[in-house]
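Notes follow the structure.
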Amino acid sequence: METKVFKIDANNIDSQKLKVAAEVIKNGGLVAFPTETVYGLGANGLNGEAVNRIFSAKGRPNDNPLILHIAEKKQIYDLVKEVPLEAKKLMDKFWPGPLTIILEKKEIVPREVTAGLNTVAVRMPENKIALELIRKSGVPIAAPSANSSGKPSPTEASHVIDDLNGKIDVILDGGKVNIGLESTVIDLTRNPPVILRPGKVTREQIEKVIGKLGETKVSDKEKPKCPGMKYKHYSPEAKVVIVKDGENEDEISKKYSGKRIKKLKYKDEEEMAKNLFKDFRDADKDGFEVILVREVKEEEFGCAIMNRLKKAAGVK
Ligand code: TXA
Ligand code: MG
């Protein structure tokens with residue numbers, strides 16, 4: 001299959017190109033599109049066959065459920081059995097934005113989306129191109145990150161091309177994403193609710209709106225500082241080494257003498273989140289064998305950054 005790449009200016013959206021992309025979605029095809037977090041790989045979220053194509057293109061295990069992306073808050077009422085007050089408060093405060101809400105699903109949501117679970121994940125992204133694509137398609141769009149399974153999430157269109165060229169119909173190239181890490185995922189079917197994946201919307205921000213959240217249990221023994229489910233995740237070819245506070249980079253480098261070492265440096269957490277996945281990809285492309293990254297505080301947004309870093313480094 002030939003993958004078409006359309007460059008789109010979010011501030012001056014070419015409606016003809018969006019129309020073509022929306023037709024692809026309506027006809028059961030696959031469109032990669034930018035969101036504020038990472039690029040997504042979208043299909044008609046009400047069409048099980050179309051959703052199955054996402055899993056094939058990515059090589060994703062089909063027991064890992066997908067997020068349904070919507071363009072209007074009210075669309076959630078079509079997809080879930082009940083929207084509790086907590087959900088309404090979170091939607092009002094954080095949508096459109098990087099927060100994914102899990103609730104009990106309605107019949108209309110196909111099992112391919114939820115991997116057979118009776119719950120569904122829903123989010124309204126804060127990206128004009130994504131919102132316009134969803135609107136024009138007229139359906140919720142099921143989308144995981146648009147990487148091949150095992151690679152880091154794509155933060156620009158070239159990453160999607162590297163992973164999925166020839167396997168999907170269209171890529172909407174809207175430039176670099178804003179945030180660079182995937183959305184916060186909160187399970188509102190538990191009482192108290194639990195964060196399954198930390199992201200830009202922090203635990204502290206959520207607790208201000210709906211009160212105390214539960215702890216994410218990783219195992220019986222450990223209690224993590226930050227919430228975050230333990231699931232298999234990408235690590236680059238290069239070995240990722242987290243440099244702890246008070247540790248000396250040069251000392252650590254000595255341990256890997258003879259190896260090609262890439263030291264990643266960032267001025268702040270925002271810049272780090274935005275560039276981390278790209279820098280992992282680039283380090284692998286350039287043949288580095290070791291990547292050194294300095295840790296950040298496991299607080300607020302730092303929780304999300306450390307969650308991804310630890311997974312890449314293969315530590316808990
Ligand atoms: O920022 C994001 O969330 C991006 C953009 C494209 O929206 N999407 C994304 O999708 O990161 P994905 O598929 O890579 O991650 C979705 C996460 C997975 O960890 C999945 O297990 C979890 O959400 N998830 C989805 N539905 C769930 C459900 N019903 N119950 C528990 N976890 C669920
Ligand atoms: Mg992903």
Side-chain angles (χ1 to χ4, degrees), residues 30-43 45 51 54-55 57-71 79-81 94-106 109-127 129-131 133-134 140-157 159-160 163-164 171-172 174 177-190 193-201 216 227-235 273-274 277 280 304 307-308 311-312:
L30 301 183
V31 176
F33 60 96
T35 80
E36 77 280 41
T37 57
V38 300
Y39 272 73
L41 177 58
V51 170
I54 294 176
F55 289 93
K58 281 186 59 116
R60 175 174 170 122
N62 60 8
D63 61 354
N64 195 3
L66 306 179
I67 298 170
L68 288 181
H69 296 69
I70 58 178
L79 306 173
V80 305
K81 280 199 175 140
F94 299 111
W95 281 7
L99 178 69
T100 296
I101 289 174
I102 294 178
L103 289 167
E104 237 182 281
K105 82 175 191 79
K106 270 188 177 162
V109 178
R111 53 173 296 115
E112 286 82 356
V113 170
T114 63
L117 298 174
N118 59 6
T119 56
V120 64
V122 184
R123 103 173 177 96
M124 179 180 172
E126 187 173 24
N127 177 289
I129 300 168
L131 292 171
L133 176 67
I134 302 163
I141 294 188
S145 47
N147 49 286
S148 34
S149 202
K151 293 273 193 115
S153 294
T155 53
E156 57 187 60
H159 301 160
V160 184
D163 284 11
L164 300 174
I171 298 172
L172 298 179
V177 300
N178 276 333
I179 295 173
L181 299 183
E182 307 86 347
S183 63
T184 306
V185 178
I186 185 164
D187 186 350
L188 291 180
T189 68
R190 299 205 223 168
V194 165
I195 292 179
L196 301 183
R197 179 175 73 186
K200 180 74 189 172
V201 174
T216 314
M229 243 190 341
K230 207 166 147 188
Y231 55 97
K232 266 203 186 156
H233 209 259
Y234 168 81
S235 41
K274 216 168 175 163
F277 289 157
F280 283 170
N307 171 271
R308 308 311 190 276
K311 283 176 200 301

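Each ligand, and each atom within it, is numbered from 1 in the order the structure gives. Bear in mind the structure is a predicted one, so any value in this text is a computation, not a measurement.
For Thr119, a nitrogen or oxygen atom sits less than 3.5 Å from a nitrogen or oxygen atom of ligand 1, counting backbone and side chain alike. Checking only distances, Arg123 does come within under 3.5 Å of ligand 1, N or O to N or O.
Glu36 meets the salt bridge (charged side-chain N to carboxylate O under 4.0 Å, His left out) test with Arg123; sequence neighbours excluded. The side chain to side chain contact (heavy atoms under 4.5 Å, CB included) test applied to Val177 returns Tyr39, Thr155, not counting sequence neighbours.
Proximity annotation for atom 13 (O) of ligand 1: of Glu182, Arg197, Arg60, Lys58, Arg60 comes nearest, heavy atoms only. Across Lys200, His69, Glu36, Met124, heavy-atom proximity to atom 7 (O) of ligand 1 is greatest for His69. When Leu41, Asn64, Thr184, Leu103 are ranked by how near their heavy atoms come to atom 20 (C) of ligand 1, first place goes to Asn64. When Gly180, Pro144, Ala115, Gly40 are checked for heavy-atom proximity to atom 10 (O) of ligand 1, Pro144 turns out nearest.
Heavy-atom minimum distance, Pro152 versus Asn147: O-CB, 3.3 Å. Summarising the geometry of Thr37 relative to Pro98, their closest heavy-atom pair is CG2-CB, 3.6 Å, with the distance given to 0.1 Å. Between Pro61 and Ser149, the shortest heavy-atom distance links the atoms CD-OG, 3.8 Å.
Here is the list of ligand 1 atoms found below 4.0 Å of a heavy atom in Thr37: 1 (O), 2 (C), 4 (C), 5 (C). Those atoms of ligand 1 with a heavy atom of Ser145 less than 4.0 angstrom away are 8 (N), 9 (C), 10 (O), 12 (P), 14 (O). Taking every non-hydrogen atom of Leu117 and a distance limit under 4.0 Å, the qualifying atoms of ligand 1 come out as 28 (C), 29 (N), 30 (N). Applying the 4.0 Å criterion to heavy atoms of Leu196 picks out, from ligand 1, the atoms 31 (C), 32 (N). Atoms of ligand 1 found under 4.0 Å from any heavy atom of Leu66 (numbered from 1 in listed order, with element): 25 (C), 26 (N). Within ligand 1, counting atoms from 1 as listed, the ones closer than 4.0 Å to a heavy atom of Ala121 are 25 (C), 26 (N). Close approach of ligand 1 to Ile102 (heavy-atom distance below 4.0 Å) involves ligand atoms 27 (C), 28 (C), 30 (N), 31 (C), 32 (N), 33 (C).
The closest side-chain donor-acceptor pair between Glu182 and Ser153 falls under 3.5 angstrom.
Remark: side-chain polar atoms of Thr100 are not paired, donor with acceptor, to backbone N or O of Val185 under 3.5 angstrom. Looking only at distances, no side-chain donor or acceptor of Lys58 sits under 3.5 Å from a matching main-chain atom of Leu41. In this structure a side-chain-to-backbone donor-acceptor pair under 3.5 Å is missing from Arg111 to Leu117.
The closest side-chain heavy-atom distance from Arg308 to Phe277 is below 4.5 Å.
In Ile67, the part holding a heavy atom less than 4.0 Å from any atom of ligand 1 is the side chain.
Taking backbone and side chain together, Asn147 holds no N, O or S atom under 2.8 Å from the Mg ion (ligand 2).
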